[in-house]
K.L.:
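Before I ask anything, let me first share the structure, which is written out below as structure tokens.
In this text the structure is predicted, and so the values were computed from the model without any measurement. Just so we're on the same page: letters track the sequence lines, and every chain starts at 1.
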Number of protein chains: 2
Amino acid sequence: MARTQGSHSDITGPRIRAAAQELFARHGYAAVSMRQIAGAVGVQAGALYNYTPDKQSLLFDLMQAHMEDLLAAWADEAAPQEVLGRLEGFVRFHIRYNLARPDAVFIAYMELRNLTPENFARIEDRRRAYEDQLEIILKAGVAQGVFLVPDTKIAALAVIAMLNGVLTWYRDGGRLSLQEVETLYWDMVRKAVGV
Amino acid sequence: MARTQGSHSDITGPRIRAAAQELFARHGYAAVSMRQIAGAVGVQAGALYNYTPDKQSLLFDLMQAHMEDLLAAWADEAAPQEVLGRLEGFVRFHIRYNLARPDAVFIAYMELRNLTPENFARIEDRRRAYEDQLEIILKAGVAQGVFLVPDTKIAALAVIAMLNGVLTWYRDGGRLSLQEVETLYWDMVRKAVGV
DNA sequence: GTCTATAGATCGATAGAC
DNA sequence: GTCTATCGATCTATAGAC
């Protein structure tokens, strides 16, 4: 049965978000026009406003969804008993999860300044919650004498910054496999926080 | 003696670059208009074109100058004989140099995608040259058995990414002094690459 | 739900007076 | 060297037809 012409609400919404995500990641939020997004989807610019009240909401929804998905995925990870295993799990999870969705991660880090103050505060809150997950592991390891970390807050930020750096150079089919990258970074993190 | 009215070529140029740097760092290149830059300087938009052929050149000149200054400053650093001291020198230099000019650093790694392909290639070349400076130290340390680093290229990228992370959270007058930050990061780097 | 058309604002860059 | 004025393009967002 043919649909009523122009009725595609069930698929157009996700396609708009996907197109916006790719274009924002590639060119930056401010450099991408609503017409470009519409063109990538195959509709006219006016049609976008059936799915988002404005361009800002489009950006915020992408970032919000990414942060919630990230926290939910980490919560679903099996947590080993040993604190060393938990840290290894975090390192490998972070690299694997972020490399699987580079556009979303790029936007989450590069477009913070294009959020309204209210939206910025909400994203920052989720980002801090994720950093806290790593700091909890570091604190437990310090308490057990397994880690030697003078400042767990700074160490958490340092580790995440180091892991995020993978996104700037990793390419599928490159010199190193995902497994090899995970292991290289886990080796550095393990030593950096070790006794 | 009063100058001819409107003749300020010797100071307007630097003021334009300073205003552009601050505005690009705060809001992003694409989100800043030539009128905004002119307003911050106190001239009309048309006057900017006495100093730059276009907006793109303004961005590129800022990034180019930053990269050349960075490489020149590193070349001027006193290099200890011991490879461990050379690595410590790099870590402390990088943190200190970058925290002293956060706007320039922000632009250098946030606005790469707003460069034309030719300009991008030139900036990337300088960034690679800087990364090579760290890798040279790591390779020397590995050769001497002082460092244990399975992949010096990835380790160099990881260390620089970790150090760059300081820029996202450090605030003057905060909990930690610049000296304390340098020492915390040097401690992590030293252990991460150590035997 | 998508289209065409457009309002209303702003953009980068240029021309010409002074 | 800076100004005013403006060109031509482009922007976000909306209105109304279908």
K.L.:
In chain order, what residues pass the side chain to side chain donor-acceptor pair (under 3.5 Å) check against A:Asn114, with sequence neighbours excluded?
P.N.:
A:Glu111
K.L.:
Are the side chain of A:Arg113 and the backbone of B:Ala25 linked by a donor-acceptor contact shorter than 3.5 Å?
P.N.:
yes
K.L.:
Can you name the salt bridge (Lys or Arg N to Asp or Glu O under 4.0 Å) partners of A:Arg122, sequence neighbours left out?
P.N.:
none
K.L.:
Taking the axis from the first five pairs and the axis from the last five, what angle separates them in the helix from C:dG1-D:dC18 to C:dC18-D:dG1, rounded to 10 degrees?
P.N.:
0°
K.L.:
Give me the distances for all protein-to-nucleotides 10-14 of chain C N/O pairs that come in under 3.5 Å?
P.N.:
from, atom 1, to, atom 2, distance (Å)
C:dC11, OP1, B:Ser33, OG, 3.3
C:dG12, OP1, B:Val32, O, 3.4
C:dG12, OP1, B:Met34, N, 3.4
C:dG12, OP1, B:Lys55, NZ, 3.1
C:dG12, OP2, B:Met34, N, 2.8
C:dG12, N7, B:Arg35, NH1, 3.1
C:dG12, O6, B:Arg35, NH2, 3.2
C:dA13, OP2, B:Tyr49, OH, 3.0
C:dA13, OP2, B:Lys55, N, 3.0

K.L.:
Sequence neighbours left out, what passes side chain to side chain donor-acceptor pair (under 3.5 Å) with A:Gln64? Give chain and number order.
P.N.:
none
K.L.:
Give the rounded distance in Å between these two atoms: CZ of A:Arg15 and C1' of C:dG1.
P.N.:
14 Å
K.L.:
Without decimals, in angstroms, what is the distance between A:Asn50 CG and D:dG16 P?
P.N.:
16 Å
K.L.:
Looking at C:dG1, I'd like to know if its phosphate oxygens (OP1 or OP2) sit under 4.0 Å from a side-chain N or O belonging to A:Tyr51.
P.N.:
no
K.L.:
Strictly below 4.0 Å: does A:Thr12 bring a side-chain N or O up to OP1 or OP2 of C:dG1?
P.N.:
no
K.L.:
Under 3.5 Å, which donor-acceptor pairs do the side chains of residues 165-174 of chain A form with other protein atoms, sequence neighbours left out?
P.N.:
from, atom 1, to, atom 2, distance (Å)
A:Thr168, OG1, A:Gly165, O, 2.7
A:Trp169, NE1, A:Tyr185, OH, 3.3
A:Tyr170, OH, A:Leu178, N, 3.4

K.L.:
So do A:Val193 and B:Met188 actually touch side chain to side chain, heavy atoms under 4.5 Å?
P.N.:
no
K.L.:
State whether a side-chain donor-acceptor pair under 3.5 Å links A:Thr116 with A:Glu118.
P.N.:
yes
K.L.:
Is it the case that B:Arg86 places NZ or CZ above or below the six-membered ring of B:Phe90, under 6.0 angstrom from the centre and within 45 degrees of the axis?
P.N.:
no
K.L.:
On the nucleotide D:dT2, are OP1 or OP2 found under 4.0 Å from the side-chain N or O atoms that B:Gln44 carries?
P.N.:
no
